[in-house]
Amino acid sequence: MGFDAYQVHGADRPGRFLITCDHASNAVPPMIANGDLGLPEREMGRHIAYDLGAAELTRRLAERLDSPAILSTFSRLVIDPNRGEDDPTLLMQLYDGTVIPGNRRMDAAEREKRLNLCYRPYHDALETLAARRDDTVYVAIHSFTPRLNGRAMRPWQVGVLYGYDARLGRALIDRLREEPDLFVGENEPYSGALKGDSVDRHALHHGRPNALIEVRHDLIETEHDQHAWADRLAPMLEDALRRTQL
């Protein structure tokens, strides 16, 4: 039985941007734990399984930028493509208070199976797309929950994350902060300095301009809102890139 670990949209589009969505899907491939990690549907519909609203936001943003997009097709609970292979959170057994039954008895063979079925094909395809141009601009799209269990509410509507190459990230933050209705997080709600993550692997190590955009997922629950955010972000990304003169 075959499995495609990713979807590519607009591979032939000429734009400089590459829009990625590491956590686009909450699907469990049928050859992994018989397609069931032991969680009820309501848990698989939560942010622990995928980034709500991020997939359609990614597709629409790529269209607006006339650039390709790549999206994963498996849940981050199967294996997290936004982690390095040596990261201890690559295969989560507990996430935001929820135990993942299908991951409790993880051995080396199962880990390698998931790497080969999901993780490595996704990253191989991603790098092929990123290398299609010498001047690729890498933009990763994520969404975040308004509140983790037992934590304070997160006030930002949108956050921009960056690592040691802050050229595009800071320019985009400056541009977003010109919008009077937005409270913009800088390296919030997470740090952008995560060794081995997708941005580190495919952008930082190659000197590609990059930014990771986090949109609070209650703001992108509907297709209308997803398209509205994409239509708003696209010109701001183009403007931020012009400002950097990269």
Side-chain angles (χ1 to χ4, degrees), residues 1 3-6 20-55 57-58 71-123 140-156 159 161 185 187-201 212 214-221:
M1 184 182 299
F3 174 72
D4 293 325
Y6 57 89
T20 72
C21 191
D22 293 332
H23 300 144
S25 174
N26 63 351
V28 180
M31 56 285 292
I32 299 295
N34 294 317
D36 185 355
L37 293 177
L39 291 174
E41 185 177 348
R42 68 178 182 276
E43 292 287 353
M44 291 302 295
R46 293 178 60 218
H47 69 95
I48 63 171
Y50 71 125
D51 282 358
L52 284 76
L57 172 58
T58 298
L71 298 84
S72 68
T73 61
F74 54 91
S75 172
R76 65 167 145 228
L77 296 181
V78 173
I79 192 166
D80 193 334
N82 196 36
R83 297 293 185 271
E85 288 196 20
D86 59 349
D87 192 301
T89 64
L90 179 71
L91 295 153
M92 294 291 283
Q93 296 178 314
L94 176 69
Y95 195 169
D96 196 21
T98 296
V99 173
I100 319 305
N103 291 351
R104 292 186 69 176
R105 295 176 178 84
M106 184 67 57
D107 58 20
E110 180 65 18
R111 178 182 182 276
E112 194 69 12
K113 177 181 178 180
R114 297 188 191 191
L115 283 167
N116 288 330
L117 182 71
C118 300
Y119 182 99
R120 289 170 180 153
Y122 172 73
H123 281 288
I141 298 298
H142 292 258
S143 70
F144 66 96
T145 182
R147 185 176 186 173
L148 292 169
N149 284 331
R151 305 287 183 88
M153 291 294 295
R154 291 161 158 176
W156 316 279
L161 280 55
N187 275 329
E188 298 284 2
Y190 311 104
S191 168
L194 180 60
K195 184 178 179 182
D197 72 358
S198 293
V199 173
D200 183 48
R201 177 172 179 169
L212 189 155
E214 292 265 8
V215 180
R216 207 175 69 211
H217 75 224
D218 60 310
L219 303 178
I220 51 172
E221 290 180 339

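What's counted below: heavy atoms across the whole structure, side chains too, no hydrogens, waters or symmetry copies. Counting from 1, the numbers follow the sequence of the chain as shown.
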Is there a donor-acceptor contact under 3.5 Å linking the side chains of Asp96 and His47? yes
Return the minimal non-hydrogen interatomic distance between Pro101 and Gly38, and the atom names on each side. CG-O, 3.5 Å
Out of curiosity, Thr20 OG1 to Ile141 CD1, how far, rounded to the nearest 0.5 Å? 7.5 Å
Atom pair CG/SG of Leu57 and Cys21 - distance to nearest 0.5 Å: 8.0 Å
Can you name the closest pair of heavy atoms from Leu71 and Tyr122 and give their distance? C-CE1, 3.9 Å
Where is the tightest heavy-atom contact between Thr73 and Ser25, given as atom of each residue plus distance? O-OG, 3.4 Å
Between Asn116 and Arg111, does a side-chain hydrogen bond (donor to acceptor under 3.5 Å, both in side chains) hold up when you go through it step by step? CA-CA 9 Å; Asn116 288 330; Arg111 178 182 182 276; over 6 Å; no
Check for a donor-acceptor pair, side chain of Gln93 on one end and backbone N or O of Arg104 on the other, with a separation under 3.5 Å. yes
With heavy-atom distances below 4.5 Å as the criterion, would you say the side chains of Arg120 and Glu85 are in contact? yes
Please confirm whether the backbone N or O of Glu112 pairs with a side-chain atom of Tyr119, one donor and one acceptor, at under 3.5 Å? no
Closest non-hydrogen contact found for Met153 with Pro155 is O-CD, 3.6 Å
Asp36: which residues meet the side-chain hydrogen bond (donor to acceptor under 3.5 Å, both in side chains) condition with it, sequence neighbours left out? none
Any side-chain heavy-atom pair from Val78 and Met92 closer than 4.5 angstrom? no
Is there side-chain contact between Pro146 and Arg154, with at least one heavy-atom pair below 4.5 Å? no
Close side-chain approach of Tyr190 to Glu214, heavy-atom, < 4.5 Å: yes
Do Arg76 and Tyr50 have side chains that get closer than 4.5 Å, going by heavy atoms? no
Drop me the distance from Arg114's CZ to Met31's CE, to the nearest 0.5 angstrom. 12.5 Å
Within a strict 4.5 Å, meaning less than it, do heavy atoms of the Arg46 and Leu52 side chains meet? no
When the side chains of residues 192-199 are checked against the rest of the protein, which donor-acceptor pairs come out under 3.5 Å, sequence neighbours left out?
unit_1, atom_1, unit_2, atom_2, d
Asp197, OD1, Val199, N, 3.4
Asp197, OD1, Asp200, N, 2.8
Ser198, OG, Asp22, OD1, 3.3
Ser198, OG, Asp22, OD2, 3.0
Ser198, OG, Pro81, O, 3.2

Heavy-atom closest pair (Glu110 atom, Asp107 atom, distance to 0.1 Å) is N-OD1, 2.8 Å
Using the side-chain contact (heavy atoms from CB on, under 4.5 Å) rule, take Val215 and His142 through it: C-alpha gap first, then chi angles, then the decisive distance, then the call. CA-CA 7 Å; Val215 180; His142 292 258; over 6 Å; no
Is the backbone N or O of Ala54 less than 3.5 Å from a side-chain atom of Asp51, with the two atoms forming a donor-acceptor pair by type? no
Measuring from Leu90:CG to Leu115:CG, what's the distance to the nearest 0.5 Å? 6.0 Å
Separation of Ser72 OG from Asp4 CG (nearest 0.5 Å): 12.5 Å
Taking all non-hydrogen atoms of both residues, which atom of Gly97 and which atom of Leu94 are closest, and how far apart? C-CD1, 3.8 Å
Is there a side-chain contact between Phe74 and Tyr6 in this structure, where contact means two heavy atoms from C-beta onward sitting under 4.5 Å apart? no
One should read off an interatomic distance between Leu37 CG and Met44 CE, to the nearest 0.5 angstrom, of 5.5 Å
Determine whether Leu39 and Thr98 make a side-chain contact, defined as any pair of heavy atoms from C-beta on separated by less than 4.5 Å. yes
